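Note that this is a predicted model, so its numbers are computed, not measured. Every chain is numbered from 1 and lettered A, B, ... according to where its sequence line falls, protein lines coming before strand lines.
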Protein chains: 4
Amino acid sequence: MVETLLEATARVLVREGYEGTTTNRIAEVAGVSVGSLYQYFPNKDSLVTELMERHVGEMMAVFDEKFEELEDVDMPKAVRALVEAAVRAHAVAPELHRVFVEQVPRYGNFDVVREAESRIEKGLRGFLERRGAETAPEDAGLAAFLVFRTVEASTHAAVLERSEHLTDGRLVEELTALVLRYLLPRTTTGHSR
Amino acid sequence: MVETLLEATARVLVREGYEGTTTNRIAEVAGVSVGSLYQYFPNKDSLVTELMERHVGEMMAVFDEKFEELEDVDMPKAVRALVEAAVRAHAVAPELHRVFVEQVPRYGNFDVVREAESRIEKGLRGFLERRGAETAPEDAGLAAFLVFRTVEASTHAAVLERSEHLTDGRLVEELTALVLRYLLPRTTTGHSR
Amino acid sequence: MVETLLEATARVLVREGYEGTTTNRIAEVAGVSVGSLYQYFPNKDSLVTELMERHVGEMMAVFDEKFEELEDVDMPKAVRALVEAAVRAHAVAPELHRVFVEQVPRYGNFDVVREAESRIEKGLRGFLERRGAETAPEDAGLAAFLVFRTVEASTHAAVLERSEHLTDGRLVEELTALVLRYLLPRTTTGHSR
Amino acid sequence: MVETLLEATARVLVREGYEGTTTNRIAEVAGVSVGSLYQYFPNKDSLVTELMERHVGEMMAVFDEKFEELEDVDMPKAVRALVEAAVRAHAVAPELHRVFVEQVPRYGNFDVVREAESRIEKGLRGFLERRGAETAPEDAGLAAFLVFRTVEASTHAAVLERSEHLTDGRLVEELTALVLRYLLPRTTTGHSR
DNA sequence: AATGAATGAGCGTTCATTCAT
DNA sequence: TATGAATGAACGCTCATTCAT
């Protein structure tokens with residue numbers, strides 16, 4: 001039931017946008033009555049929030065899988081893994097992701113997102129501190145912030161408006177180069193002329 | 001009157017969020033009657049859209065001023081100018097900016113935003129093509145996309161959650177280094193150890 | 001519920017006129033909430049239209065019952081039956097009838113009325129054509145038009161402003177004479193001196 | 001100014017219907033400001049009422065002109081004059097007439113109409129009483145009522161939906177026959193076979 | 001547990017009317 | 001006298017939520 005309702009919520013959100021998403025419509029699409037909906041969820045927002053938590057959970061699961069590879073490899077491989085992790089995470093459910101970003105008003109529901117972002121950024125910072133000797137930036141915290149925002153924004157935008165560069169691998173390539181040159185400026189990285 | 005209403009709209013949006021923004025509330029805060037509101041704006045969304053257009057216009061004006069400096073200077077100066085332009089643009093009205101990004105559902109109203117973004121990205125691409133000989137990335141279009149998203153996301157996030165790094169200049173410094181190393185990887189740039 | 005709402009609509013229409021008929025008022029009089037009203041009727045006009053269709057349906061049912069007698073009787077009896085049918089139809093719900101005629105703006109909702117009128121007029125024409133040999137008017141279509149309008153208008157006006165002549169039977173008597181003399185001019189009909 | 005406003009009211013009524021007729025629209029069409037409108041008319045309904053009074057006045061002027069001929073001629077000529085008077089009166093401004101009948105809610109504004117109708121009916125009654133010796137109906141009041149309603153309804157309906165029978169003179173012919181046979185049943189009237 | 005009819009606060013919007021200029 | 005910007009009560013309608021069955 002909970003699953004059915006969350007799936008219906010996702011479908012309605014994607015199809016009709018946040019403003020067009022009513023509890024009666026969700027119940028209808030789920031094939032149950034509104035009353036049943038309210039027996040499993042206290043209010044409309046709890047549905048959306050739960051859906052968001054699950055979605056973020058899935059993205060993080062995909063991300064974490066690759067993110068763990070970072071420790072035992074050299075920097076080029078680590079950065080590439082990071083970028084690939086971001087791309088895969090964004091590819092989990094792009095339409096749902098878009099509706100969360102573009103349609104849902106941000107209140108408490110976005111705490112999950114902020115926590116996930118914070119966790120990634122902290123992980124990145126720890127990684128950079130552990131590799132301190134070889135990386136250029138002095139302030140690992142600031143570097144983690146910049147690298148995270150850079151990778152997140154680029155993959156996010158690419159998923160929504162440059163999907164062609166996702167499939168041909170060019171985005172991963174170039175974004176890896178960008179991050180790598182920032183972190184290891186002395187080495188000649190990537191495909192410079 | 002138009003000004004008063006738009007100011008009231010901005011205040012209500014920031015204070016109550018998009019969903020709490022009603023035309024009667026706007027009129028009340030503006031100190032006029034709903035009827036007057038509807039003599040100047042055909043419907044609720046037109047207020048929000050107009051406010052957004054003005055805000056984007058102001059951001060772009062601030063941005064463009066610095067952006068023009070890019071042509072006649074060397075790459076380090078040009079990239080620094082770009083980053084500073086982005087920071088200043090985001091500092092125009094951070095609270096209003098946040099409400100647009102976090103609260104307003106994206107439909108036609110975001111066309112202005114998309115146009116502005118597109119214009120900047122194209123400008124950046126032209127800039128990179130003109131400097132082709134000295135820059136590393138082969139695909140100026142992709143590079144412009146990455147640089148734009150990187151700078152936008154970093155300044156955006158910094159304005160909203162790392163304002164301390166804006167005032168001490170460290171964000172500008174580091175972001176400039178990041179972009180510069182991407183574009184000119186062979187030179188030793190910035191403050192590496 | 002549908003019945004309750006339609007009854008309430010009728011009461012409010014009669015009591016307050018069309019302009020004073022609001023959906024909240026109807027709901028209030030019906031003893032339900034506006035929300036319920038909108039669960040059974042898509043909008044305000046649909047209530048009025050439905051009420052009108054039922055009213056016309058009832059008038060026609062009453063009318064048709066007598067109208068069927070026309071075929072197998074002589075002309076005087078047939079014309080009297082016609083007039084009596086009209087009087088009875090108009091007596092079904094005079095106050096509601098008045099409000100439809102005097103208060104409700106005529107748009108699509110009056111299509112039922114026009115159809116009913118058209119059906120009666122066509123029936124009358126068929127009747128006249130079948131009795132062609134004995135009736136005076138050459139053009140059965142025109143005669144049907146005149147007879148229909150004459151009977152309709154007279155009974156209508158009588159119901160609304162000469163109800164005394166309805167109860168004493170004088171109106172039926174005289175109107176029958178009028179129609180009969182038109183259709184059968186050579187016979188001495190009715191109560192001439 | 002008063003003329004301009006009334007003309008504008010008529011135009012708006014015909015074009016937009018009663019519900020679409022707003023004082024601001026009237027003022028706009030009249031080329032003056034709403035304020036001016038309210039300097040000559042105390043409220044919206046007074047415009048409509050005044051327009052109705054004038055329209056009824058014009059119809060009655062046209063009607064009366066022919067109606068006066070009734071006295072000094074024989075019955076066939078008198079009845080024909082009556083019918084022609086009705087037709088001409090209805091042809092004065094058919095579109096405006098329609099909008100009054102079909103769109104304007106009947107309150108005090110229709111008093112003019114009721115007075116005019118009453119005057120005609122009384123006139124008819126007097127005429128019938130004066131011609132008592134030659135006419136059939138015993139009750140001149142009832143006969144006047146029937147003749148008036150018959151002629152009014154037939155010309156009214158013909159103007160709105162059988163205009164072809166107005167121009168070819170058939171309606172006048174047949175309606176005259178109808179009334180004449182009612183009033184003078186013993187004579188062979190009209191074009192019987 | 002499941003239903004879905006019923007609720008009603010509150011929304012966006014209109015328009016007859018006013019009144020300072 | 002003429003203006004038209006300003007008014008605000010009131011409308012039709014929506015939808016998150018409840019509760020008797």
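- Glu95(D) and Arg15(D) are not joined by a salt bridge, as no carboxylate oxygen comes within less than 4.0 angstrom of a charged side-chain nitrogen.
- A salt bridge links Arg54(C) to Glu50(C): one of the charged nitrogens lies within less than 4.0 Å of a carboxylate oxygen.
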Self-check item: Per-nucleotide protein contact string for nucleotides 14-21 of chain F (B base, S sugar-phosphate only, - none; heavy atom under 4.0 Å)
Solution: BBBBB---

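- For the pair Ser33(B) and dG8(F), the criterion of a side-chain N or O lying under 4.0 Å from OP1 or OP2 is not met.
- Counting any heavy atom pair closer than 4.0 Å across all strands shown, Phe41(D) reaches no nucleic acid atom.
- A cation-pi arrangement is absent between Arg114(D) and Phe110(D), since the terminal nitrogen or guanidinium carbon is not both under 6.0 Å from the aromatic centre and inside a 45° cone about the axis.
- In this structure, the side chain of Arg98(D) does not engage the main chain of Val14(D) through any donor-acceptor pair within 3.5 Å.
- One N or O on the side chain of Thr9(B) and one on the backbone of Leu5(B) form a donor-acceptor pair closer than 3.5 Å.
- When the side-chain nitrogen and oxygen atoms of Tyr40(D) are compared with OP1 and OP2 of dT1(F), none of them lie within a distance under 4.0 Å.
- Ionic pairing of Arg25(C) and Glu28(C) is present here: one or more N-O contacts between side-chain nitrogen and carboxylate oxygen are shorter than 4.0 angstrom.
- Using a 3.5 Å distance cut-off with no hydrogens or angles, the side chains of Tyr107(B) and Gln103(A) do pair a donor with an acceptor.
- Every stem involving DNA chain F, taken as at least 3 paired positions in a row under the Watson-Crick or G-U wobble test at 3.5 Å, is listed here: E:2-21 with F:2-21.
- At a threshold of 4.5 Å between non-hydrogen side-chain atoms, the residues Tyr18(A) and Val99(A) do not count as touching.
- We find that CZ of Arg25(B) is positioned 18 Å from P of dT13(E), with the value rounded to whole Å.
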